[in-house]
Amino acid sequence: MTHTAQIITSYGRRYIVRTPDGQTFDATTRKKRVDFACGDQVEISPINTEQVVIEDFLPRQSLLYRQDAWRTKLIAANVTRLLVVLAAVPSPSEALLQRALLAAEAAEIDAVIVLNKADLPETAAWREKLKFYESLGYRVIETRALEGAETLKPVLQGHTNIFLGQSGMGKSTLTNALLGSQAARTGDISTALDSGKHTTTHAQLYDLDNETQLIDSPGLQEFGLHHLEAANLLQYFPDLRHLAGQCRFHNCTHRAEPNCAVKAAAEKGEVRAERVEFLQRVTDELIR
Ligand code: ZN
């Protein structure tokens with residue numbers, strides 16, 4: 001006899017699941033399966049009053065993951081809105097931002113950029129830099145940690161959201177601000193689980209209200225995109241999408257090939273050279 005539940009905490013191999021009536025259980029998988037993610041709706045079988053086994057996941061609305069040459073890391077399932085959190089201090093990586101946006105496009109998840117710690121003077125340069133991403137259609141929202149909750153609430157409303165970013169960008173502070181009075185309780189849990197560390201080491205799902213969920217995820221250093229197909233990459237660039245299918249070769253690497261529509265557009269100044277370089281770099285990774 002199986003029941004359904006949602007994975008609310010993922011440690012990579014161990015999980016905590018919550019049933020519709022609000023009970024939580026420690027969960028393991030069969031045959032060392034690790035293809036489950038925080039946010040997944042799953043079928044479970046009881047082992048005892050505290051432990052269950054996850055049998056399988058139910059159909060997913062979305063799956064966000066990253067993959068390098070060696071392994072795949074599932075980030076979250078059923079997310080409908082990705083919030084890339086960055087702050088001018090400590091120095092954020094624009095490459096990581098671009099990669100997270102590509103992954104979101106590939107997973108058909110709506111992406112929003114959150115420029116946190118916006119009161120810092122160093123923010124000005126990033127505010128300027130992010131105007132380009134705004135021109136691509138991504139919303140850019142500025143937050144100052146303590147006021148972050150009020151600014152973000154309407155953006156998150158009705159979605160299953162995830163905060164993604166490098167460590168030190170203030171994801172957990174924003175999460176705590178959004179949780180408000182719930183924070184003390186959940187803080188206790190995560191402190192116990194993380195043995196007192198101040199950084200998030202696992203993905204954790206919180207309910208903000210009946211129809212809004214938020215997943216806080218561990219800080220990212222890298223964002224491998226090996227799961228994407230080189231031939232589809234152009235579709236994931238809002239500024240280059242119109243050039244898809246226009247190169248002479250379907251497997252064009254947009255470097256030395258004749259009649260490359262992307263290079264032609266760059267030479268005419270119609271698209272940004274930096275974006276073409278980024279496209280070339282990711283293409284190289286995928287065809288290696
Ligand atoms: Zn090309």
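For ligands, and for the atoms within them, numbers begin at 1 and follow the listed sequence.
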- Partners meeting salt bridge (charged side-chain N to carboxylate O under 4.0 Å, His left out) with Arg255 (sequence neighbours left out):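 In terms of salt bridge (charged side-chain N to carboxylate O under 4.0 Å, His left out), with neighbours along the sequence ignored, Arg255 is linked to Asp284.
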
- Task: Sort out for me which residue in Glu105, Glu94, Glu285 forms a salt bridge (Lys or Arg N to Asp or Glu O under 4.0 Å) with Arg99.
- Result: Glu285

- Any side-chain heavy-atom pair from Thr9 and Val17 closer than 4.5 angstrom? no

- Option passing side-chain contact (heavy atoms from CB on, under 4.5 Å) with Ile54 (candidates Thr28, Ile44, Asp40): Ile44

- Which residues share a side-chain contact (heavy atoms from CB on, under 4.5 Å) with Glu55, sequence neighbours left out: Thr2, Arg30, Glu43, Ser45, Val53

- Query: What pairs with Arg139 under side chain to side chain donor-acceptor pair (under 3.5 Å), at least two apart in sequence or on another chain?
  - Reply: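 Result, side chain to side chain donor-acceptor pair (under 3.5 Å) vs Arg139: none returned.
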
- Task: For the Zn ion (ligand 1), report each protein N, O or S atom nearer than 2.8 Å, sorted by chain and then by residue number.
- Result: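 Hits for the Zn ion (ligand 1) below 2.8 Å: Cys247 SG, Cys252 SG, His254 ND1, Cys260 SG.
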
